[in-house]
Amino acid sequence: MTRRSLMIGCGSYLPERIISNDELAARLDTSDAWIRQRTGIGQRHVAAEGEKTGDMAIRAAERALAHAGLEGEDIDLIVLATATPDDTFPATAARVQAAIGALNGFAFDVQAVCAGFIYALAIADNFIRAGQARTALVIGAETFSRLLDWNDRATCVLFGDGAGAVVLRAADQAPGAPSWGVLSTHLHTDGRQRDILYVDGGPSSTGTVGHLRMVGKEVYKHAVTKLAAVIDEALTANGLDASSVDWLVPHQANRRIIESMAHKLGMPLDKVVCTIERHANTSAASVPLALDEAVRDGRVKAGDLVLFEAIGGGLAWGAGLVRFGVPAEAAPAPVEIRREEVEPIA
Ligand code: UT7
């Protein structure tokens, strides 16, 4: 038997307040036309005063649990990807754990910026495969609005706030059976490039939160080549070609980067989940936000092969291939199959 992590539910949350490109253009030397043409962004959601990353993560987690038909107490691992935690410590994941009543396990944050969700997915999948966790919440949540220099038109127009979550559950799959769940994840970092996208503050450097700084053109060049390479790596590792992929759910940093990946895969754009126009770049939240939208509107269905990719500060990047949902024959509860080992009650 092969132990895998089924992706059995998802949820997301976007703050109510929307800032349009025109609203930004009213106070900055920018325009709706420039932002749309260079990035594909039309608007972004921004957290309300006092609304924290943890608040959004809790809402997304509750929705993902409801979608999976589970309660907080069923969760034994929470991995929360964020570069904008509520506090320097403890982990924002600990707040989520208490709020949803997932007191039967452990919870921690992961910091891989825009690639954070893919990193968190890989970590949770590995805990499940190793038998150290059975049911995991993987969350990406960010309030990048608090890191932005709102006078820097080159960066402040690009980002938004939000949260997305998925639920993973261990399942033992028989040899030769079609593979469901997380098929593989692929992670990379190149710390030599950390100066092209960073925040100029931190607890052990300036003692301040700091502001996001980016050499956009450089990041763009790395994104196009590194994402293409990691997509190839994911497909090759599974002996698949691009035609097997049902949906590309990419990081939403720039529409031109997303289209370049679709082109590389030979995928029509209607097989690419693109939320950038409405969400902008929500960093670690962008991939699970896009997935949740596509699951809820019926595009991504159980059995679909979904390819995730993301890149951001570090540079850190990665990809994951997931056959979404629960195979009909495995429902209702794959791992609870172990009940067979328990003596039946008289
Ligand atoms: O999630 C993390 C990963 N991040 C990314 O993947 C982002 C990758 N980079 C990008 O998406 C693009 O590089 C940007 C969208 C950030 C910028 O687009 P670009 O086509 O690379 O523009 P640029 O930085 O070369 O700037 C071109 C011009 C400059 O003016 P000059 O020097 O040509 O006169 C900028 O000052 O556009 C100017 N500019 C703006 N103009 C109007 C920069 N930002 C703005 C703005 N409005 N908001």
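Counting convention: from 1, in listed order, for ligands and their atoms alike. The structure displayed is predicted, hence computed values, not measured ones.
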Which protein heavy atom lies closest to [atom], and at what distance to 0.1 Å?
atom                    : value
atom 15 (C) of ligand 1 : Thr39 CG2, 3.5 Å
atom 4 (N) of ligand 1  : Val219 CG1, 3.6 Å
atom 36 (O) of ligand 1 : Arg153 NH2, 3.0 Å
atom 24 (O) of ligand 1 : Lys217 CG, 4.5 Å
atom 17 (C) of ligand 1 : Trp34 CH2, 4.1 Å
atom 12 (C) of ligand 1 : Asn254 ND2, 3.9 Å
atom 2 (C) of ligand 1  : Cys114 SG, 3.4 Å

Distance flag for atom 43 (C) of ligand 1, protein heavy atom under 4.0 Å: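 Within 4.0 Å of atom 43 (C) of ligand 1, protein heavy atoms are found.
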Heavy-atom protein contact below 4.0 Å for atom 33 (O) of ligand 1: no
Contact with ligand 1 for Val113, non-hydrogen, under 4.0 angstrom: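 For ligand 1, residue contact (heavy atoms, under 4.0 Å) with Val113 is absent.
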Say whether, by atom type as modelled, one donor and one acceptor occur between the side chain of [X] and the main chain of [Y] under 3.5 angstrom.
X      : Y      : result
Ser260 : Arg256 : no
Thr236 : Asp232 : yes
Thr189 : Gly191 : no

Just going by heavy-atom distances, which of [options] is nearest to [atom]?
atom                    : options               : value
atom 8 (C) of ligand 1  : Gly216, Gly40, Ala310 : Gly216
atom 1 (O) of ligand 1  : Leu24, Asn281, Leu158 : Asn281
atom 22 (O) of ligand 1 : Arg256, Glu218, Arg38 : Arg38

Counting heavy atoms only, which part of [X] comes closer than 4.0 Å to ligand 1: side chain, backbone, both or neither?
X      : value
Thr30  : both
Ile257 : side chain
Tyr220 : both
Ile311 : backbone

Side chain proximity check, Lys271 to Leu248, heavy atoms < 4.5 angstrom: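 Sidechains of Leu248 and Lys271: no contact.
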Residues forming a salt bridge (charged side-chain N to carboxylate O under 4.0 Å, His left out) with Arg278, sequence neighbours excluded: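 So Arg278 forms a salt bridge (charged side-chain N to carboxylate O under 4.0 Å, His left out) with Glu293.
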Worked verdict on His188 versus Glu233 for side chain to side chain donor-acceptor pair (under 3.5 Å): CA-CA 11 Å; His188 296 274; Glu233 188 184 325; 2.7 Å; yes
Derivation of the side-chain contact (heavy atoms from CB on, under 4.5 Å) call for Thr82 and Ile139: CA-CA 8 Å; Thr82 188; Ile139 307 169; over 6 Å; no
Per-atom contacts, ligand 1 versus Val157 - under 4.0 Å to a heavy atom: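 In order of number, 48 (N).
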Leu197 neighbourhood, listing ligand 1 atoms whose heavy-atom distance to it stays under 4.0 Å: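 Numbered from 1, ligand 1 contributes 2 (C).
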Other residues, nucleotides, ligands: >12 heavy atoms within 6.0 Å of Arg192 CZ: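 Result for CZ/Arg192: open.
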Ring centre gap for Phe89 and Phe108 strictly below 6.0 Å: no
Least distance between heavy atoms, Asn238 atom then Ser184 atom: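 Here Asn238 and Ser184 meet closest at ND2-OG, 2.9 Å.
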Which atom pairs, donor and acceptor, lie under 3.5 Å between side-chain atoms of residues 12-19 and protein residues at least two apart or in another chain?
residue : atom : partner : partner atom : Å
Ser12   : OG   : Asp292  : OD2          : 2.7
Tyr13   : OH   : Glu51   : OE2          : 2.5
Arg17   : NH2  : Glu23   : OE2          : 2.9

Basic-acidic side-chain contact under 4.0 Å: Asp149, Arg213: yes
